[in-house]
Amino acid sequence: MERTKINVVLKLEKTPGDIFIKGWIRTKRNAKEFSFMEINDGSCLNNIQVVANNDLANYADIEKLTTGSSAEISGQLIESPGKGQKWEIQATQIDIISVAPDDYPLQKKRHSDEFLRTIAHLRPRTNKYGAVFRIRSEMAYAVHKFYKKKGFRYLTAPLITGSDCEGAGEMFRVTSLDPKSVKKQGKMDFTQDFFGQETNLTVSGQLSGEMFALALGDVYTFGPTFRAENSNTSRHVAEFWMLEPEMAFCDLSGNMDHGEELVKTLTQHALKECQDDMNLFSNFVDKSLPKLFDTILNSDFIRLTYTEAIDILQKAKTKFDYKVEYGIDLQSEHERYLAEKHFKRPVFLTDYPKQIKPFYMRMNDDGKTVAAVDLLVPRIGELIGGSQREERLNVLESRMDEMKLPKKDYWWYLDSRRFGSVPHSGFGMGFERFLMMITGIKNIRDVIPFPRTPGSIDF
Ligand code: 4AD
Ligand code: MG
């Protein structure tokens, strides 16, 4: 008989009779004539209760089954007389696959997130982390579904690159040189390296995205991104996933329309397709989530300029750790104040001073600011960062000169402005930050399977 997954069992409307499942024992209780077991197979949050009578041939072994053990169960699916569940399985045969010893760390008690991080290989077996990673999987699908429906093409940008898109220099080096011979020579000779030049892991697929947007129209990349920023915060990891749409014939306001539609659609999808898992977070992690979802789905996101935001922040009664003045790079405390306290909903901030933004952003007519946009959301701060791109060759070149960027390395990028250049825009959304927003999880390390952070590369 074919095995049924528990999420399918629980969706059944009427008693199907024979059933065969496989899973892990979450809890077990021995009574006089039978043993109750809660089985979970990872397919959903819910367990299914299995009742094993003492007339089963291997009952002596069944009685000794421990939390974390695995088994195959055949039996009858029946309506449960007990409270709290609709169905239970009356076992006719239980084959034990593997018995977990007593030092299985996930015994039935609440464990702290910090402790569970130290056993990241086992934490997806808990209710909360099972839910996180089922939602993560579903949301990756939702991204592709959204873009398929909108007619975007999926671009797989290279992960190894010779250019620094963001110009922040926070890159991991890729090399095949032998550290011993480098040490002997006293320097790295990149001409001897695999690619014959300095090479890094990508910090953004944007530049590739732009080339393909100017060919295929609307594209998106969705994949891993690497940053060697040494910031041990609850919102940064060294390896994360970024979604980067890039749209030809699109200006800054079209870019914001797109970002708003994306965030609303993904949120809606999570609520509809991951109901049980999402409820866990609203009930046990952050009770204010339903209100946030209501604002995301039913109100327009705020749009205001950086300059206006500075004014609001300077008038704020709150005391910030970092002083607010025109020209600063906003800190997370400022971003959160705007989204969380002042507007109480997502806020698009536009038109930042050119000094704090990368070379590719479109220069505004004032000559001081660029057509940048960040989306700030409650609890997280920056969720999205993007811009309209500079499509005018002469303006782009003088900006690169100003920033002392080697134009010859970007010859191909400049080509796109020489041949059929058009206004275009895009942004990057941190996938983990989005997951933090919809689950209420406070630390980015807890929405990524095996987090990579400064000094930590376990698992
Ligand atoms: O604002 P960022 O640096 O923008 C770019 O890289 C642009 N090239 C994107 C584009 O226009 N195509 O990064 C985009 C988003 C941030 O808003 C944040 O959500 C996320 O990526 N992010 C990180 N997430 C986790 N850990 C980190 N270290 C992150 N750095 C950025
Ligand atoms: Mg940014």
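Atoms within a ligand are numbered from 1 in the order they appear, just like the ligands themselves. Atom set for the values below is all heavy atoms of this structure, side chains included, hydrogens, waters and symmetry mates excluded.
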Heavy-atom distance to [atom]: which of [options] wins?
atom	options	result
atom 1 (O) of ligand 1	Met242, Arg235, Glu382, Glu210	Glu382
atom 23 (C) of ligand 1	Phe240, Tyr360, Phe431	Phe240
atom 13 (O) of ligand 1	Arg227, Met429, Glu166	Arg227

Indicate, as side chain, backbone, both or neither, the part of [X] found under 4.0 angstrom from ligand 1 when only non-hydrogen atoms are considered.
X	value
Asp374	neither
His236	both
Glu239	neither

Suppose we measure from [atom] to each protein heavy atom; which comes out shortest, and what is that distance?
atom	value
atom 28 (N) of ligand 1	Glu229 OE2, 2.7 Å
atom 19 (O) of ligand 1	Leu383 O, 2.9 Å
atom 14 (C) of ligand 1	Gly428 O, 3.5 Å
atom 18 (C) of ligand 1	Arg433 NH1, 3.5 Å
atom 26 (N) of ligand 1	Val237 N, 3.1 Å

Using a 4.0 Å cutoff against the non-hydrogen atoms of [X], which atoms of ligand 1 qualify?
X	answer
Gly430	15 (C), 19 (O), 20 (C), 21 (O)
Gly385	1 (O), 4 (O), 9 (C), 10 (C), 11 (O), 17 (O)
Phe427	9 (C), 10 (C), 11 (O), 12 (N)
Ser204	6 (O), 8 (N)
Ile384	17 (O)
Gly386	11 (O)
Arg389	10 (C), 11 (O), 12 (N)

Any ion pair linking [Y] and [X] (charged N to carboxylate O, less than 4.0 Å)?
X	Y	answer
Arg379	Asp286	yes
Asp300	Arg345	no
Arg117	Asp446	yes
Glu402	Arg399	yes
Glu391	Arg389	no
Glu210	Arg417	yes
Asp311	Lys315	yes

Pairs of nitrogen or oxygen atoms closer than 3.5 Å, one from [X] and one from ligand 1: do any exist?
X	answer
Ile444	no
Ser387	no
Glu244	yes

Would you please say whether a donor-acceptor pair under 3.5 Å links the side chains of [X] and [Y]?
X	Y	answer
Ser398	Asp401	no
Arg125	Asn40	no
Glu397	Tyr410	no

Atom name of the N, O or S atom of Glu382 nearest to the Mg ion (ligand 2) is OE2

Just do the side chain to side chain donor-acceptor pair (under 3.5 Å) check on Glu239 and Thr225 with the steps written out, would you? CA-CA 6 Å; Glu239 177 180 326; Thr225 308; over 6 Å; no

Could you tell me if the ring centre of Tyr147 sits under 6.0 Å from that of His258?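 Yes.
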
Would you call the rings of Phe222 and Trp241 parallel, tilted or perpendicular, where under 30° means parallel and over 60° means perpendicular?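 Perpendicular.
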
